[in-house]
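What follows is a single structure, written as structure tokens, with notes after it.
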Amino acid sequence: MISSIDKKIKYRIVAMIYPDGAWKEINNQLLLTAIELSQSGHDTLDHAWVRMIKTIQDSIKESEYTDFTNNSVLVNLGASWWIPNYVNVVSEIKDRFGAKYIPFIHDLIPMMVPEHCSYEQVCEFTQWSYATLLQADAVIVNSSQTAKDVKSAAQQIHGLNIEPIVCRLDAAPELNLGRNRVESSILRATSRPFVLFVSTIESRKNHLFIFDAWIELCRQHGEDNVPNLICVGKKGWLVETALARYNNSAILQRKVLILTNIGDFDLDHLYKSCKFTLYNSCYEGWGLPVTESLYFKKVPLIPRNTSLIEAGGHFAEYFLTGSLDSFLASARHLIFNDEYLKDRESAVGEYNCRTWKEVALEIVEVATTVRENTFLSLQARSVTPGTLYHFSFNKDASIIHDNLKGHLIRYGSGWHKPESWGVWTAESEAQIRINIKNVRSDILLYLQLVAHSPDDKISISINSSPLSRVKLSDSPNHCFRVRKRNADEADFELTISLVCDDLKDLREYTTTDERRIGVGVSSLLVCFQDDIHSRLTYIENFGRINMHGVVF
């Protein structure tokens, strides 16, 4: 079945361009060339890499806009939580074209272990997770552990019972071995026995723990009897303590080497030459360094937690997470007991990796069989009468609905990135779309609108009604009455269009902001006309309200 799908499937590689919100195709060959270049270990400031990025950017500018149909499936293989307005544009292609959306969620690290991330990242990731779980027609994950976490999050946040589809990343690394010579510095570093630790240097991987363990091994057994430790990876988040220990320890300076910008050829040599590998993460979505170690037939020493147990299986050597005694005991077995290490290597020799093509075809099969979840599309825009929804960026790491729903009900590409107070419109027309359930009477719509200048002129239309002029100079608080036209209609949707006569070019006011903005929106609230409590509460919180005489 998979092979037949592979022959028939048509695919394109597309990118969402912010702030335009447009989807454009990326030239396949250019992307493959960039991938090959990245494997050679070039620094991001290297001239060849900078030229390649510019070439891709120029190509995207010249390429046509991507069209979608009701047969289209957008599969996001990477992380999109950091891309402004990504979820809004996904909602647009789902609504306009009937396209389906499948995110590949690799982990929920900022939600599961937020202490290892910046607070801003946790807030942004929480906001993205809230939206994505309501948008996805299917969710692909990389392990049973991630499936469990995503399923739990969907239930906790939205009361949804979803079944993520597990596609394990147990594939052999495809290294670029075009260069035929190992760097002399790598040859010198590997001239005596060493253990390999491939990982970004960050608090979640706890290099501090490993550094202290290596000091202890050297003190107990003598430096000459303990293999060196080679750490391969760039510096990440919250590493100051670990690097301070490294810089202040004479033992670590002699026994530990930190390497960055390592190309595939050198990495291949490091894996093949090491005594064994270690990987010390407290939480993982999968754990690719474990798979790489097994591919090279090297025993990985890893903590017994999360998906690392899946990645390592019965081939890995384990220690208790955070236990120095447990780690030292396991490390001694591998360092000083040659027969034990040979037995473990013999077991690892039976490990077989999949190919990345097999992983890709598994994803393709999910994409070609997914069905649209129309229920979620409605729930994504469903608002609760009497609840205030903010349009600012999320400032709370917890899952709070009135902080996060505003991220979803902004529709399409007509918006800039949210700020601390709210969000500016980015086009002459921007839309907000909401769904209200169990409507019992006429509805009052409250909007907090912000003008850049007192003379700004905007109009508003609700459900394609004639445009109504809104004066912004008196008060930011505006109330519109929406009539319930059908007595039998329990639920209905509102499309609120904000139309600006002229966008302000901020380059006329500042040298640091090149945006063109329309009107700002801080919050939204709907309530039934007879809900006196919500109406009075709004007045108490925000003061004077411009009541508009137009009934939509």
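Residue indices begin at 1 and follow the sequence shown.
- Ring centers of Tyr509 and His452: under 6.0 Å apart, within the cut-off.
- Ser199 places no side-chain N or O within 3.5 Å of a backbone atom of Ile201 that could act as its donor or acceptor partner.
- Leu32 pairs by the side chain to side chain contact (heavy atoms under 4.5 Å, CB included) definition with Gln29, not counting sequence neighbours.
- Note that CD1 of Ile436 is 9.5 Å distant from CD of Glu493, once rounded to the nearest 0.5 Å.
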### Task
Could you please spell out the steps behind the side-chain hydrogen bond (donor to acceptor under 3.5 Å, both in side chains) verdict for Ser523 and Gln448?
CA-CA 5 Å; Ser523 67; Gln448 277 188 302; 2.6 Å; yes
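- Checked against side chain to side chain contact (heavy atoms under 4.5 Å, CB included), Ile13 has the following partners two or more places apart in sequence or in another chain: Ile26, Asn28, Leu31.
- For the atom pair CD of Gln155 and CD1 of Ile162, the computed distance is 10.0 Å after rounding to the nearest 0.5 Å.
- Between Trp128 and Ser80, the side chains place a donor N or O and an acceptor N or O closer than 3.5 Å (distance only, hydrogens not considered).
- Going from atom OG of Ser91 over to atom OH of Tyr411 covers 8.0 Å, rounded to the nearest 0.5 Å.
- Trp286 approaches Ser143 most closely through the heavy-atom pair CE3-CB, 3.9 Å.
- The line from CH2 of Trp356 to CG of Leu169 is 4.5 Å long, rounded to the nearest 0.5 Å.
- No side-chain heavy atom of Val439 sits less than 4.5 Å from a side-chain heavy atom of Asp491.
- Between the Lys100 side chain and the Val370 main chain, no donor and acceptor come within less than 3.5 Å of each other.
- Between the side chains of Glu284 and Ser307, no donor-acceptor pair is found at a separation under 3.5 Å.
- Counting only residues at least two apart or in different chains, salt bridge (Lys or Arg N to Asp or Glu O under 4.0 Å) contacts with residues 74-91 are absent.
- Applying the 6.0 Å contact sphere to NZ of Lys395 captures more than 12 heavy atoms from other residues, nucleotides or ligands.
- A donor-acceptor contact shorter than 3.5 Å is absent between the side chain of Thr126 and the backbone of Ser398.
- No hydrogens or angles considered: a donor-acceptor pair under 3.5 Å links the side chains of Asn161 and Lys151.
- Pairing each heavy atom of Cys282 with each of Thr306, the nearest pair is O-CG2, 4.2 Å.
- Side-chain contact annotation: Glu92 with Asn88, donor-acceptor N/O pair under 3.5 Å absent.
- Considering CG of Asn546 and NE2 of His478, their distance stands at 5.0 Å, rounded to 0.5 Å.
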### Task
Output, in order, the C-alpha distance, side-chain angles, deciding distance and verdict of salt bridge (charged side-chain N to carboxylate O under 4.0 Å, His left out) for Arg381 and Asp95.
CA-CA 12 Å; Arg381 293 193 296 271; Asp95 285 353; 2.7 Å; yes
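- The pair Arg12-Asp67 fails the salt-bridge criterion, with no side-chain N (NZ, NE, NH1 or NH2) lying under 4.0 Å from an Asp/Glu carboxylate O.
- Side-chain contact between Leu74 and Met16 is absent, with no heavy atoms from C-beta onward closer than 4.5 Å.
- Asp170 places no side-chain N or O within donor-acceptor distance of the main-chain N or O of Thr291, the cut-off being under 3.5 Å.
- The shortest distance between side-chain heavy atoms of Val383 and Thr387 does not fall below 4.5 Å.
- For the pair Ser522 (side chain) and Gly422 (backbone), a donor-acceptor distance under 3.5 Å is absent.
- The aromatic rings of Tyr86 and Trp23 lie perpendicular to each other, with more than 60° between the two planes, well past the 30° mark.
- The side-chain hydrogen bond (donor to acceptor under 3.5 Å, both in side chains) contacts involving residues 530-541 comprise Arg440-Asp530, Asp531-Ser534, where partners must be two or more places apart or lie in separate chains.
- Expressed to the nearest 0.5 Å, how far CD1 of Ile434 lies from CG of Leu408 amounts to 13.0 Å.
- Among all heavy-atom pairs drawn from Tyr101 and Pro103, the shortest one is OH-CB, 3.7 Å.
- A donor-acceptor contact under 3.5 angstrom links the side chains of Glu429 and Ser497, judged on distance only.
- Side-chain contact between Asn394 and His407: absent, with no pair of heavy atoms (C-beta onward) separated by less than 4.5 Å.
- Contact annotation: the side chain of Trp415 approaches that of Thr425 to within less than 4.5 Å [non-hydrogen atoms, C-beta and beyond].
- Panel note: side chain His106, backbone Leu77; a donor-acceptor pair is recorded below 3.5 Å.
- One finds a salt bridge joining Glu419 and Arg515 here, because a Lys/Arg side-chain nitrogen approaches an Asp/Glu carboxylate oxygen to under 4.0 Å.
- Side chain of Thr510 to backbone of Thr512: a donor-acceptor contact under 3.5 angstrom is found.
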### Query
Which is it for Cys117 and Arg204 under the side-chain contact (heavy atoms from CB on, under 4.5 Å) test, yes or no, and what are the steps along the way?
CA-CA 9 Å; Cys117 306; Arg204 181 167 53 88; over 6 Å; no
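- In terms of modelled atom types and a separation under 3.5 Å, the side chain of Ser382 and the main chain of Gln379 share no donor-acceptor contact.
- Contact check for Asn27 versus Glu62: no side-chain heavy atoms found under the 4.5 Å cut-off.
- For the residue pair Asn142 and Gly285, the shortest heavy atom distance occurs at OD1-O, 3.1 Å.
- By the neighbour-count criterion of 12 heavy atoms within 6.0 Å, atom OH of Tyr119 is densely surrounded, having more than that number from other residues, nucleotides or ligands.
- Under the salt bridge (charged side-chain N to carboxylate O under 4.0 Å, His left out) criterion, Arg51 pairs with no residue at all, not counting sequence neighbours.
- With a 4.5 Å cut-off on side-chain heavy atoms, Asn463 and Leu494 count as touching.
- Asn477 places a side-chain N or O within donor-acceptor distance of the main-chain N or O of Arg544, the cut-off being under 3.5 Å.
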### Message
Let's go through Val526 and Tyr389 carefully: what are the C-alpha distance in whole Å and the side-chain angles of both, what is the deciding distance for side-chain contact (heavy atoms from CB on, under 4.5 Å) to 0.1 Å, and is it a yes or a no?
### Response
CA-CA 9 Å; Val526 295; Tyr389 294 95; 5.9 Å; no
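- In this structure, Lys457 places its NZ atom where only 12 or fewer heavy-atom neighbours from other residues, nucleotides or ligands lie under 6.0 Å away.
- Checked against a 6.0 Å centroid threshold, the rings of Tyr130 and His158 count as neighbours.
- For the pair Asp456 (side chain) and Val519 (backbone), a donor-acceptor distance under 3.5 Å is absent.
- For residues 112-133, the set of pairs meeting the salt bridge (Lys or Arg N to Asp or Glu O under 4.0 Å) definition, not counting sequence neighbours, is empty.
- Counting heavy atoms of neighbouring residues, nucleotides and ligands inside a 6.0 Å radius, atom CZ of Arg516 does not exceed 12 of them.
- Thr132 places none of its side-chain heavy atoms less than 4.5 Å from the side chain of Trp81.
- Annotation for Gly287 and Leu308: closest pair CA-CD2, 4.2 Å, computed over non-hydrogen atoms.
- Considering every non-hydrogen atom in both Cys123 and Ala397, the closest pair reads SG-N, 3.8 Å.
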